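Here is the structure we will look at, set down as structure tokens.
Counting from 1, the numbers follow the sequence of the chain as shown. Values in this document were obtained by computation on a predicted structure and should not be read as measured data.
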Amino acid sequence: MKIFICTFAANFSAKILTNSKKTSTMNRDTIIGFVLIALVLIGFSWYNQPSAEQIEAARQQDSIALAEQEKAQQASEQAARQAEAKADSAAKADTTALFHHALSGTSQQVTLSNDKLQLTLDTKGGVVRKAVIKNFKSIDGKPDVTLFDADDQDMVFMLAGKQENIITADMFFTPSEQTDSTVTMTATAQNGGQIALRYHLGKDYLLSMSLQTQGLSGMFAPSMKEMQIAWTDHCRQQEKGYSFENRYTSIYYKEADGGTDKLTETSDKHETTEEACDWVAFRNQFFSIALIAKDNFAKGAELESTVDEKGTGYLKHFNAQMTTAFDPTGKTDSEFEMYIGPNDFRLIQDVEAQSKFGKDLDLEQLVDLGWWLLRWINRWFTLYVFDWLTGFGLNMGIVLILITLLLKAITFPMVKKSYMSSAKMRVLKPKFEEATKHLNNPEDQMKKQQEMMSLYSKYGVSPLSGCLPMLIQMPIWLAMFFFVPNAIQLRGQSFLWMSDLSTYDPILEWNTNIWAIGDHLSLTCILFCAAQLLYTWFSMQQQKDQMMGQQADQMKVMQWMMYIMPLMFFFIFNDYSSGLNFYYFVSLFMSAAIMWTLRKTTDDEKLLAILEANYQANKNNPKKQSGLAARLEAMQKQAEELQRQRQNGYRK
């Protein structure tokens, strides 16, 4: 019936259109035809709509189909597990396998511990299955941080033999020589040969490990000098702010003859190393696991990072497929070290000094201090100031305030110079307007600029003298953008209303994400944006007082752009740590206070008298412009001459 109605409507429409093409306009019959078609289709749709009973029956049918689909999926997964178990049993039943006896056994836990780190090893696979970092509170308030457990991380050593491959994950190892800090895991082959994994936990966060084979040299090809390592980790969320922590979570690696690099934090990434590497690390905001190879990881290592969704309790999946040296004769061990600990710059330096490989590992690069110039500022200035202040046992909020005061004290001479330059231009504004009022036509703007530069020289004022000092402050401001979020000393530290300076401080939270805002409002972010508005207002007033002519008109457009910037900062920084927002709030508030104080303490009449004295002294012997101001004046003259030549050419 439905097909018939649709076919009828289509044919009837085609007929009407065919007839309508024979005339220049659609006649009344055509319009009536379309109306009838619409009525037929509407009436049929109403007549053909299902009843409530039919809708309920369809819903139940869909539920049955969904249940059957889930049941089929569960059956498929069960069949896959049974097939895997069957294959595993078949492998164990293969009595010809080199490590046949090691393929079955009972999983046992072995613990290595010191006062800072506790590691749990499993005899199944013979590797570390759990790492607990002591004396750091977890996200759920527990006294220690579980960096990973057996469900999160795995490490597999793979050796390519002549007849069969040896994979440590399939084997059960026997522990021996066990103490609180050492253990040897051994798997024995049918011919009496062995694979031994030896572990030694030092006094801090460094784990030494080695792999050695004995009596298996005939099982490998003579040319076989390498082994494969497959290392995976499901990186846990350790901090309250998922988005913020994810920005500092990635795979890092150090090239043997180069610098340190990392995979992008913001999206899924797969990368193949182009050079041999000293180490590969899985790093989140405040904790890292770095695997160091004595004989390097060969170039061509496959590194992959994929982002997890918010709410899963995890940040990213990490996967590293690497190759390193292996001696099949057993004369030389394959040696490794693992750093499992906090991203503390000074601590990592001390732990690196304990390494027995004699390399410049540069592991402190795990603490992201910014790009090259910003890193240099943080490395040789901010870190020392921070260490000095924290040495007094002060609260971290007080430390941030003192760092801000110190930076303001250092930059105050430059800020004052910048302000005085603007103040001089402000008090001279009426004189400059009067002297150049005859040059207000558009074609006279170049000449007006030249005249103003000459007046600047006579009054001893450089309009550019205030720019460079302000630019010098920007790297310091940006350096703190990297330093504060990576300072583990702020983790868990409270100050005023902020319960944790390393994450956001919500005054309002909700369960769903709102575009560009998230699921909360951060008080320090609001204060930071308010301080930015205050500072912008002072800056605009200062610049407004010195602008003339077209510059004043352009200033109105710039003013609105500057006022919009704090709103943009709010959307960016709402997820950022309260410590960073608090630093920016204090810094901007102090900047506004300094600017207000300078304005109140500057005597415009006295300043104008000094400038008039300079003018009289330079009237007959003006100072020669130098530096950037001289180059600008020369460029203006060249542009004016070029414009004059063009006008003469047009006239000809």
Side-chain angles (χ1 to χ4, degrees), residues 77 80-81 84 107 109 111 117-122 124-134 136-142 144-158 167-170 205 207 209 228-253 262-273 279-292 297 301-322 336 338-343 366 368 488 491 503:
E77 292 176 354
R81 288 194 297 268
E84 184 179 353
S107 176
Q109 308 298 312
T111 301
L117 184 64
Q118 178 177 303
L119 303 177
T120 302
L121 291 78
D122 197 331
K124 176 67 184 295
V127 293
V128 179
R129 292 293 190 183
K130 184 177 181 180
V132 176
I133 300 177
K134 302 178 181 180
F136 287 91
K137 287 187 177 181
S138 65
I139 189 174
D140 54 3
K142 294 181 180 179
D144 301 320
V145 169
T146 299
L147 200 55
F148 62 85
D149 61 19
D151 296 328
D152 303 330
Q153 185 166 143
D154 194 16
M155 183 179 293
V156 181
F157 299 94
M158 295 173 285
I167 303 174
T168 58
D170 298 333
Y205 300 95
L207 175 69
M209 50 188 292
Q228 305 293 321
I229 300 176
W231 185 25
T232 59
D233 180 50
H234 201 183
C235 186
R236 291 187 174 192
Q237 181 181 343
Q238 303 289 356
E239 315 304 326
K240 182 170 67 173
Y242 164 85
S243 300
F244 188 62
E245 186 180 4
N246 233 335
R247 292 187 182 100
Y248 299 93
T249 301
S250 184
I251 298 180
Y252 282 56
Y253 60 93
K262 63 179 179 179
L263 274 61
T264 180
E265 300 97 334
T266 56
S267 61
D268 296 350
K269 180 67 174 179
H270 179 274
E271 189 170 312
T272 303
T273 60
W279 51 261
V280 174
F282 298 158
R283 177 207 191 261
N284 68 359
Q285 185 179 3
F286 291 124
F287 303 97
S288 291
I289 315 160
L291 180 62
I292 309 161
F297 297 114
E302 302 288 335
L303 308 177
E304 184 177 21
S305 172
T306 57
V307 182
D308 275 271
E309 293 184 0
K310 184 177 182 179
T312 62
Y314 292 90
L315 301 172
K316 289 182 173 74
H317 278 273
F318 291 145
N319 183 24
Q321 305 289 330
M322 302 166 289
F336 308 91
M338 287 189 76
Y339 174 76
I340 307 173
N343 298 332
L366 290 172
D368 189 358
I488 193 172
R491 186 179 186 271
T503 187

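- No side-chain heavy atom of Val128 sits under 4.5 Å from any side-chain heavy atom of Met209.
- Sequence neighbours left out, the pairs with a member in residues 234-249 that pass salt bridge (Lys or Arg N to Asp or Glu O under 4.0 Å) are Asp149-Arg236, Asp152-Arg236, Glu239-Arg491.
- Contact annotation: the side chain of Ile251 never approaches that of Glu271 to less than 4.5 Å [non-hydrogen atoms, C-beta and beyond].
- The side-chain heavy atoms of Asn246 and Leu315, taken from C-beta on, include a pair separated by under 4.5 Å.
- Within the 4.5 Å cutoff, side-chain heavy atoms of His270 are placed close to those of Glu302.
- Less than 6.0 angstrom separates the ring centroid of Phe136 from the ring centroid of Phe287.
- Proximity of Leu366 to Trp279: side-chain heavy atoms (C-beta onward) are separated by under 4.5 Å at one or more points.
- Atom OG1 of residue Thr111 and atom NZ of residue Lys130 lie 9.0 Å apart, to the nearest 0.5 angstrom.
- Here OG of Ser267 is found 9.0 Å from NZ of Lys316. Values are rounded to the nearest 0.5 Å.
- A distance of 4.5 Å separates CD1 in Ile289 from CG in Asp233, rounded to the nearest 0.5 Å.
- To the nearest 0.5 Å, atoms OG1 (Thr273) and CZ (Phe297) are separated by 10.5 Å.
- A donor-acceptor pair is defined here as one N or O able to donate and one able to accept, closer than 3.5 Å; such a pair exists between the side chain of Thr312 and the backbone of Tyr314.
- In terms of heavy atoms, Ala320 sits closest to Leu303 at CB-CD2, 3.7 Å.
- Side-chain contact between Ile229 and Met155 is present, with at least one heavy-atom pair separated by less than 4.5 Å.
- For the atom pair Ser250 OG and Glu265 CD, the distance stands at 5.0 Å (nearest 0.5 Å).
- Of all the heavy atoms in Pro342 and Ile488, the pair that sits closest is CB-CD1, 3.4 Å.
- Taking the ring centroids of Trp231 and Phe282, they lie under the 6.0 Å cut-off.
- Distance alone, capped at 3.5 Å, is enough to place a donor-acceptor pair between the Thr168 side chain and the Phe157 backbone.
- With hydrogens and angles disregarded, no donor-acceptor distance shorter than 3.5 Å links the side chain of Ser305 to the backbone of Lys269.
- With salt bridges taken as basic N to acidic carboxylate O contacts below 4.0 Å, one links Arg129 and Asp154.
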- [ ] Start with the C-alpha gap between His234 and Asp308, add the side-chain angles, then the distance that decides, and say whether side chain to side chain contact (heavy atoms under 4.5 Å, CB included) holds.
- [x] CA-CA 9 Å; His234 201 183; Asp308 275 271; 3.2 Å; yes
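- Using a 4.5 Å heavy-atom threshold, the side chains of Asp122 and Gln109 count as touching.
- Applying the side-chain hydrogen bond (donor to acceptor under 3.5 Å, both in side chains) test to Lys134 and every residue at least two apart in sequence or in another chain returns Ser113.
- Side-chain N or O atoms of Ser107 include none that pairs as donor or acceptor with a backbone N or O of Lys124 at under 3.5 Å.
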Open item on the list: Please evaluate residues Leu117 and Ile133 with respect to the criterion side chain to side chain contact (heavy atoms under 4.5 Å, CB included), reporting the C-alpha separation (whole Å), side-chain torsions for both, the decisive distance (0.1 Å), and the verdict.
Closed with: CA-CA 5 Å; Leu117 184 64; Ile133 300 177; 4.0 Å; yes
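- The minimum heavy-atom distance linking Gly241 with Thr503 is given by the pair N-OG1, 3.5 Å.
- The CG atom of Leu119 sits 5.0 Å away from the CD1 atom of Ile340 when rounded to the nearest 0.5 Å.
- Of the possible polar contacts, none joining the Lys310 side chain to the Tyr242 backbone as a donor-acceptor pair under 3.5 Å is found.
- Between Phe318 and Thr249 the shortest side-chain heavy-atom distance falls below 4.5 Å.
- The side-chain hydrogen bond (donor to acceptor under 3.5 Å, both in side chains) check on Asp368 picks up Lys262, with sequence neighbours excluded.
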